[in-house]
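First the structure, in the form of C-alpha cells, and then the observations on it.
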There are 4 protein chains.
Amino acid sequence: MVEGSNLSTKEKILKVSEQVFAEKGFDGARVDEIARKAGVNKALIYYYFDGKDDLLDHLFNLLIDEVRNFIVEEVKDLNLDDDEAFNKVFNNTLNLLETKRDILKVAFIESLKGDTKHSIIFNLGEIIMGSEIERITEVFTSMGLEVPEDKQYMLVGEFFTGILPMIGFVIFKDNFSNYFGTDPDKIKDHFKKVFKKSHLGFHDLSK
Amino acid sequence: MVEGSNLSTKEKILKVSEQVFAEKGFDGARVDEIARKAGVNKALIYYYFDGKDDLLDHLFNLLIDEVRNFIVEEVKDLNLDDDEAFNKVFNNTLNLLETKRDILKVAFIESLKGDTKHSIIFNLGEIIMGSEIERITEVFTSMGLEVPEDKQYMLVGEFFTGILPMIGFVIFKDNFSNYFGTDPDKIKDHFKKVFKKSHLGFHDLSK
Amino acid sequence: MVEGSNLSTKEKILKVSEQVFAEKGFDGARVDEIARKAGVNKALIYYYFDGKDDLLDHLFNLLIDEVRNFIVEEVKDLNLDDDEAFNKVFNNTLNLLETKRDILKVAFIESLKGDTKHSIIFNLGEIIMGSEIERITEVFTSMGLEVPEDKQYMLVGEFFTGILPMIGFVIFKDNFSNYFGTDPDKIKDHFKKVFKKSHLGFHDLSK
Amino acid sequence: MVEGSNLSTKEKILKVSEQVFAEKGFDGARVDEIARKAGVNKALIYYYFDGKDDLLDHLFNLLIDEVRNFIVEEVKDLNLDDDEAFNKVFNNTLNLLETKRDILKVAFIESLKGDTKHSIIFNLGEIIMGSEIERITEVFTSMGLEVPEDKQYMLVGEFFTGILPMIGFVIFKDNFSNYFGTDPDKIKDHFKKVFKKSHLGFHDLSK
DNA sequence: CATGAATGAGCCTTCATTCAT
DNA sequence: TATGAATGAAGGCTCATTCAT
C-alpha cells in the first residue's frame with residue numbers, strides 16, 4: 001500500500017522529531033539525528049515537511065488538536081457531581097498530558113523564549129481553563145453562588161495552581177524522581193493527592 | 001582601579017550572557033551576539049571564560065550561591081508566628097527570584113533536557129524546600145502534631161505546589177500577561193493570594 | 001556510475017590533501033585551501049571524512065598499504081643473484097617511494113613530533129627492512145656465513161644508511177637541486193651510485 | 001644586574017622556543033605555550049622579538065653560527081692522519097649536532113616545506129661539506145690522486161650518505177629507540193660503526 | 001621591563017537545506 | 001518516493017599580535 005507506507009514514514013518522522021526535540025530542545029536538535037533515528041533519508045524530511053520549523057508546527061498543531069478534541073469529548077456529557085467529576089476530569093486530563101509528554105516539554109521551552117512566536121502553553125491553558133472556568137461558573141451558578149467577578153484572578157489561579165503544576169508534573173516527573181530518588185510508581189498518587197488539596201485550596205470560598 | 005575594570009568587563013559579559021541565554025535559550029544563543037551586546041571583542045569572552053558552557057556554569061553557580069545565601073539569611077532569625085512569617089518569607093523569596101528571572105528561565109529549560117548535566121531547578125528546590133520542610137517540621141512539632149512520615153509526599157507537594165508555581169510565575173509572568181492581556185501591575189497580587197490559598201491548601205491538615 | 005563519481009570526489013580530496021600537507025605541513029595546511037584546490041565545497045570534506053586528522057590517517061594508511069603490497073609483490077619471486085637483484089629492488093623501491101613523495105614528506109615531519117601519535121617512518125622502515133633483513137639473512141646463510149647476531153646493529157645500519165638516505169633523497173631531492181643548482185636529471189644517477197657504494201659499505205664483511 | 005637579567009630572560013625565551021618548536025613543529029607551536037613554559041608574560045616576547053617568525057630566525061642564526069664556528073675551530077689545526085682524524089671530526093661533529101638536536105628537528109621540518117624561505121639543512125650541509133670537500137680535495141691532492149671532477153656527484157654523496165644520516169641520527173635517535181625498543185646507550189656506538197663503514201664505502205676509490 | 005587586557009583575522013567544524021538522479 | 005552528494009552560511013573557538021599602564 002503506497003499510501004499506507006507514505007503515511008507511516010511521515011508519521012515516523014513526526015514521532016522521532018517529537019522525541020529528539022524533547023531530549024535536546026528544538027535548537028539543540030539536529031535534522032541529521034532525526035533522519036537517522038527515523039531510519040529515513042534526510043532529504044525525505046524536506047520532501048514531507050518544509051523544514052525543521054515546519055516539523056515543530058505540525059507537532060504543536062497535533063498537540064493543540066488532541067487537547068481540544070479531548071476537552072470537547074470530556075465536557076460534552078459531563079454530569080457534575082462534585083468529587084467524582086473532579087477525579088474523572090483530573091485523571092483523564094493527566095493521562096492525556098502524559099501521552100503528550102515529549103511535545104509538552106518542547107512547548108514549555110519554546111513558550112519561555114523571548115520572541116512570541118510560540119505560546120503553546122498558553123494556548124493549551126486557554127483551552128483547558130476555558131472549559132474549567134465555564135464548568136466552575138456553572139457550578140457556582142447552580143449552587144446559587146456568585147461567580148468571582150475578577151476573571152484575571154481566576155486566570156492566574158487556574159494557570160499557576162492548575163495548568164502549570166499539572167503540565168509541570170508531567171514533564172518534570174522523571175527528572176524529579178531521578179534527582180530526589182523518589183519512587184516513580186508512587187509519585188503519581190502523591191501528586192494526585194497534593195494537586196487536589198492545593199487546587200481545591202485555591203477554589204475554597206471560605207478564605 | 002585595575003581590578004575594578006577587570007571585574008566590570010567580566011561581569012558585563014556574564015550579565016549579557018544571562019539576558020541572551022534567557023531570550024534565545026542556551027542552544028539558540030550566539031557568542032557573537034553576547035560579544036556585540038556586551039560591547040566586547042568576542043575573543044575576550046574566551047579570555048575570561050572557557051567557552052559557552054563555562055558561561056552557563058558561572059551563571060548557574062551564581063544563582064545557586066545567591067539563593068543559598070538568601071535562605072541562610074532569611075531563616076537564621078526566623079521568628080515564626082504564622083501568617084506574618086509566611087508572608088515575609090514568601091514575599092522575600094518571590095522578590096529574590098524575580099531578580100534572577102533570566103537565569104531561572106535558562107535553568108528551567110536546561111533541567112528539562114534529556115541529559116542530566118544540569119538539574120539546577122532541583123538543586124534550587126532542594127535548597128528552598130530543605131529550609132521550608134525543616135520549618136514546617138518545627139511548626140508541626142511545636143503544635144504537638146505529628147510530622148507526616150512520608151517525606152516523598154512532602155517533597156512532591158512542596159515542589160509541585162510550591163517551588164514550581166513560584167518559579168513558574170516568575171519566568172512566565174510577562175508572557176502570560178502579554179498573551180492573556182492581563183494587567184502586569186495587578187497580576188503579582190493575584191498570584192500572592194492564589195499561591196497562599198493553594199499552598200496552604202496543600203498543607204491543610206483537616207483534609 | 002555513481003560509485004565512480006563518489007570515489008572520484010573522495011580521491012580528489014585525498015590527492016589534494018596530500019599535496020597541500022606536503023607543501024605546508026599538516027599544521028600549516030588549511031582545509032579551506034584543500035577545498036579550493038580540489039574544487040569542492042568545504043563541507044563536503046567533512047561529509048567524506050571526519051576532519052583534518054582523518055584525512056591524514058587515510059593518507060598514511062594508503063601509504064602503508066601500498067608499501068606493504070609492494071614489498072610482498074617484490075619479494076615473492078625474488079631470485080637473488082647479487083648485483084642484479086640489488087639493482088632491481090633498489091630501483092623499484094626508489095620508484096615507488098617517488099610516487100609517494102608528498103605523503104612521505106608529511107610522514108617524515110610527523111614522525112619528528114614530540115608525541116608518538118605518528119611513527120609512520122618507522123612503520124615503513126620496519127616493513128622495508130623486515131624484508132631486507134630477511135633477504136640479507138638468507139644471503140648470508142646461503143653463503144655459509146654467519147648472520148651478525150646483533151639485530152640492533154643491523155636495524156641501526158639498515159635504517160640510517162638505507163631507509164633514511166633513500167626516503168631522504170626522495171623528499172629532499174628537489175629542494176636539494178634547487179639549492180645547490182645541481183642538474184635534476186643527473187642527480188638520481190648520482191644517488192644510485194652513491195647509495196650502492198655506501199650501503200654496500202655498511203654490509204661489507206671485510207671491515 | 002639589569003643587563004644580566006635582561007639577557008637571561010631573552011635567552012630563556014629562546015631556549016624554550018627551541019624546545020616547543022621541536023616538540024610541536026613551528027606551525028604547531030603556540031606563543032602562549034612558550035610564554036607559559038618560559039615563565040614570562042606573553043607580551044614580553046614581543047618586546048624582545050618581532051614575533052614568532054623572528055624567534056625562529058634567531059634560533060636558526062644561532063645554529064648556523066655555532067656550526068660555522070665549530071667548523072672553523074675544528075679544521076684550523078687539523079692534522080690529518082687518516083683514521084684518527086676521521087674519528088675526531090666525526091665524534092666532535094656528532095657531539096655538536098646533539099647539542100643542537102631540537103633546532104635541527106625544526107630545521108629539518110622547515111627545509112621540507114614548499115616555500116624556499118628556509119633551507120637551513122642545506123646551509124648547514126654546505127658549511128660542513130664545504131670543509132670536508134676541501135679536506136678531501138687536500139687529501140687526494142697530497143696523495144697524488146685526482147679529485148673526482150664531478151662536484152655534483154660529491155655533493156650528492158656527502159649530503160645523502162654523510163650529512164643526512166648524521167643529522168637524521170641525531171634527530172630520530174630517541175623516537176627510533178622508542179619505536180624499535182633498542183638500547184639508547186648502545187645505539188650511538190652502533191651508529192658510529194655503521195656510519196664509518198657506509199661513508200667510507202662511499203669514498204672508496206676501488207669501486 | 002613587565003603585565004593584564006584587548007583585538008582582528010582566521011580556522012576547523014557544523015548544520016539546515018537543496019540538487020540530481 | 002527515495003537517496004547520496006553537494007552547498008552557503010554561520011558558529012564556536014584560537015592565535016599571533018598589540019595596547020595601556
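Per chain, numbering begins at 1; letters A, B, ... match sequence-line order.
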Result for 5'-nearest mapping on DNA chain F, choosing between C:A43 and A:A43, is A:A43
Sorted by chain and number, sequence neighbours left out, ring pair (Phe, Tyr, Trp, His ring centres under 6.0 Å) with B:Y46 holds for none
Taken to the nearest whole Å, NZ/C:K10 to P/F:dA6 is 12 Å
- Hey, are the side chains of A:L59 and A:V106 touching, using non-hydrogen atoms and a 4.5 Å cut-off? no
Atom NZ of C:K24 and atom P of E:dC11 are separated, to the nearest Å, by 10 Å
Separation of F:dT17 atom C1' from D:L44 atom CG, nearest Å, is 14 Å
Rounded to whole Å, the CG-P distance (D:L56 to F:dA16) equals 13 Å
Per nearest nucleotide of DNA chain E, the residue lying toward the 5' end, B:K42 or C:Y46, is B:K42
For DNA chain E, consecutive-pair runs of 3 or more (Watson-Crick or G-U wobble, both H-bond-type distances under 3.5 Å) give E:2-21 with F:2-21
Here the distance between atom P of F:dA16 and atom CG of D:D54, to the nearest Å, is 15 Å
Query raised in the report: Are D:E11 and D:K15 within salt-bridge range, i.e. N to O under 4.0 Å?
Result: no
Rounded to whole Å, CG of A:L55 lies from C1' of E:dC15 at a distance of 15 Å
Hits for salt bridge (charged side-chain N to carboxylate O under 4.0 Å, His left out) against A:D50, two or more places apart or cross-chain, chain-then-number order -> none
For D:I64, the side chain to side chain contact (heavy atoms under 4.5 Å, CB included) test, sequence neighbours excluded, returns D:R68, D:I120, D:N123, D:L124, D:I127
Sorted by number, residues from residues 28-41 of chain C placing a heavy atom under 4.0 Å from DNA chain F are C:N41
Here the salt bridge (charged side-chain N to carboxylate O under 4.0 Å, His left out) pairs for residues 54-65 of chain B, sequence neighbours left out, are none
Open item on the list: Taking 4.0 Å as the cut-off, does a side-chain nitrogen or oxygen of C:Y48 come that near to OP1 or OP2 on F:dA6?
Closed with: yes
Sorted by chain and number, sequence neighbours left out, salt bridge (charged side-chain N to carboxylate O under 4.0 Å, His left out) with B:R101 holds for B:D174
Atom CZ of A:F49 and atom P of E:dT18 are separated, to the nearest Å, by 15 Å
Here the distance between atom P of F:dT17 and atom NZ of D:K52, to the nearest Å, is 8 Å
Residue set satisfying ring pair (Phe, Tyr, Trp, His ring centres under 6.0 Å) with A:F172, at least two apart, ordered chain then number -> B:F108, B:F122
Residue pairs passing the salt bridge (charged side-chain N to carboxylate O under 4.0 Å, His left out) test with at least one member in residues 102-120 of chain A, sequence neighbours excluded, are A:D27-A:K113, A:E110-A:K113
ask   = Taking only N and O in the side chain of A:T9, is any of them less than 4.0 Å away from OP1 or OP2 of F:dT1?
value = no
